[in-house]
Amino acid sequence: MALLFSLGLVGHITSVSGLSFSVPASPPSNASGQLSAAPVGVSLEFFAFPAYMEDVDATTTCLQNLKDLTGTWPPLRIGGTTQDRATYDAASTNAVNYTVASPSDAPDSLTFGPSFISIAASYGGDIILGLNRRLDNQSNTIAAAALAKSKMDNLYAIELGNEPNFFTSSDPIADGESWTASADYSSEVSWQDAVCGNLSASNVISAGVFFGTSPMSIAGLTVAEGGTNAYVKDYCSHNYPQSASTANLSLLMSHTGIASEIEPFAKEVSAAKSKNKPHIFGETNSATQGGGGISPTYGAGLWILDYVMQTLLLGTEALYFHQGTIGNCQYCWWGRYDMGSPYYGAYFATMALANADQIAPLDDQKSAYAAYAIYKSGAPVRVLLYNSDYYTSGTRPSQTYTLSGLSSGIVTAKRLTAPYSTSRVDYGQNPSVAGQTFANGTCSIQGTKITESTTVSAGAATFTVGASEALLVYL
Ligand SMILES: *[C@@H]1O[C@H](CO)[C@@H](O)[C@H](O)[C@H]1NC(C)=O
Ligand SMILES: *[C@@H]1O[C@H](CO)[C@@H](O)[C@H](O)[C@H]1NC(C)=O
Ligand SMILES: *[C@@H]1O[C@H](CO)[C@@H](O)[C@H](O)[C@H]1NC(C)=O
Ligand SMILES: *[C@@H]1O[C@H](CO)[C@@H](O)[C@H](O)[C@H]1NC(C)=O
Ligand SMILES: *[C@@H]1O[C@H](CO)[C@@H](O)[C@H](O)[C@H]1NC(C)=O
Ligand SMILES: *[C@@H]1O[C@H](CO)[C@@H](O)[C@H](O)[C@H]1NC(C)=O
């Protein structure tokens with residue numbers, strides 16, 4: 001990365017500091033590995049899954065919008081805290097059955113019936129199904145897993161327990177003993193043996209499913225397993241960078257902040273790779289505990305955009321952004337009524353990655369300004385620029401990027417923007433992607449598409465990206 005300063009005469013210093021990147025004609029040494037067809041996925045809270053699919057109109061269109069970009073339905077994971085409160089009831093005629101004091105509560109206990117699995121089977125994309133381990137009803141989990149295996153052509157993997165690092169000695173699975181990392185690792189392995197043994201299946205378990213990297217970790221689990229575990233499909237981490245008590249949007253969406261936040265997961269990815277298995281973020285989103293106001297913002301959407309790119313570069317295969325209780329979910333991408341600003345970031349990330357093979361960072365991840373080259377069949381097809389400066393009022397600062405090494409005479413670009421980093425759809429400050437928005441309630445894309453074009457001269461072109469904006473340049 002070079003900083004270019006164009007200075008006028010003394011007394012007339014007008015100008016511009018800009019960034020300059022040469023776009024490598026082939027993937028550079030720090031490019032990612034082969035990308036999967038749909039790295040941006042969705043996690044749906046277990047008890048809410050049937051209602052998302054059947055009662056929330058926006059769900060199918062929001063997923064379809066992403067599929068329209070890539071040709072592949074985004075992968076789904078069904079799970080979360082309530083997977084470890086759920087018992088399968090083969091006789092139930094309801095997909096889920098529970099009672100709550102208020103519609104904004106998640107149930108403390110629930111049952112699910114065979115139609116839960118039928119709804120999952122009807123989805124067009126891959127599904128990771130999260131089943132219960134905490135309640136220690138192994139035959140019940142095996143019955144549900146067997147039904148899923150027989151009915152779901154789209155079953156990608158099964159989880160046995162959600163975030164076991166939060167299990168305690170009073171959970172049935174602990175059998176009165178303290179719940180340590182080694183207790184969890186041996187429990188995971190013995191449950192995998194029993195479930196996969198009964199199903200006569202291998203390569204089907206999404207293992208680990210730990211929140212964060214300590215005290216339980218994929219690195220620790222893979223050591224405890226010893227050799228390669230044929231039952232494992234992938235190793236799964238959960239990550240929420242912030243919580244209500246730490247909420248800081250400027251840090252969340254910061255390009256350098258993201259790099260340091262994800263750094264501890266590098267060893268988890270390597271541990272998975274050492275077993276020749278993919279690593280995934282099977283559940284992730286911006287902030288836990290309601291998010292302290294930052295989760296519904298456009299800035300959280302910008303976080304998604306850059307976090308996806310940086311975690312793919314770390315070597316993860318896919319990310320599943322969690323959608324929680326319908327009507328009580330700050331970070332949700334859509335609801336029954338309004339869209340969520342974060343969806344715009346997910347959509348833009350999917351646009352950037354659609355049908356790509358590799359991405360490469362052009363910058364050194366030490367400034368607020370990101371640039372990624374996106375490759376297909378070994379040649380650059382797009383460049384993603386992201387200005388992570390936080391912006392909430394006044395004149396909007398901007399950054400200029402000069403890209404060189406371009407071969408066409410003119411390039412086009414699509415912009416992700418919103419009035420402010422803090423903009424929320426429900427406050428009327430709609431973000432836009434190439435000038436378009438997603439309709440509240442339906443998720444249909446609406447408005448006139450705006451494509452910008454820039455002339456290339458001597459193989460170079462300059463682009464301006466405002467604070468808290470991103471630009472996708474089509475080479
Ligand atoms: C739902 O749960 C209630 C309370 O346990 C039970 O009485 C009812 O039969 C269940 N309904 C179905 C369809 O399983
Ligand atoms: C375990 O599941 C079975 C059905 O698979 C059920 O009959 C039994 O009541 C469950 N046990 C507990 C303790 O919930
Ligand atoms: C099938 O599951 C049962 C009940 O959990 C377990 O005891 C048994 O060992 C399993 N069978 C195989 C072949 O793994
Ligand atoms: C939020 O994070 C930014 C960037 O790290 C920092 O400069 C700022 O002081 C933080 N704000 C608060 C209120 O902690
Ligand atoms: C990636 O490599 C390029 C050189 O090809 C370098 O300029 C850039 O800083 C590197 N970025 C990272 C994050 O490694
Ligand atoms: C969505 O609804 C909110 C009101 O809740 C409104 O302010 C906003 O402009 C609407 N967004 C779109 C894209 O229509």
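Both ligands and their constituent atoms are indexed starting at 1 by order of listing.
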Legend entry - Atoms of ligand 3, numbered as shown, that sit under 4.0 Å from any heavy atom of Asp193: 14 (O)

Inset, instruction - State whether the shortest distance between N or O atoms of Asn137 and N or O atoms of ligand 2 falls below 3.5 angstrom. - result: yes

Inset, instruction - Select all protein residues for which some heavy-atom-to-ligand 4 distance is less than 4.0 Å, and list them by chain and number. - result: Asn248, Ser250, Leu251

Legend entry - Contact partition for Ile142 relative to ligand 3, non-hydrogen atoms under 4.0 Å: side chain

Legend entry - Separation between CZ of Phe47 and CG of Asp105, rounded to the nearest 0.5 Å: 8.5 Å

Legend entry - Pairing residues for Ser104 by the side-chain contact (heavy atoms from CB on, under 4.5 Å) criterion, not counting sequence neighbours: Ser102, Asn328

Legend entry - Structural part of Asn140 in contact with ligand 2, heavy atom criterion under 4.0 angstrom: both

Inset, instruction - Using distance alone, with no hydrogens and no angle criterion, decide if Ser254 and Thr256 have a side-chain donor and acceptor under 3.5 Å apart. - result: yes

Legend entry - Aromatic ring proximity, centroids under 6.0 angstrom, Tyr420 and Tyr298: no

Legend entry - Lys275/Asp234 ion pair, N-O < 4.0 Å: no

Legend entry - Close aromatic pair by centroid cut-off 6.0 Å: Phe321 and Phe281: no

Legend entry - Which of the ligand 3 atoms, numbered from 1, are nearer than 4.0 Å to a heavy atom of Gln138: 4 (C), 5 (O)

Inset, instruction - For residues Phe112 and Tyr88, establish whether the separation of their ring centroids is below 6.0 Å. - result: yes

Inset, instruction - Kindly determine whether Glu159 and Arg77 satisfy salt bridge (charged side-chain N to carboxylate O under 4.0 Å, His left out), including the steps that lead there. - result: CA-CA 9 Å; Glu159 294 172 6; Arg77 175 261 187 166; 2.9 Å; yes

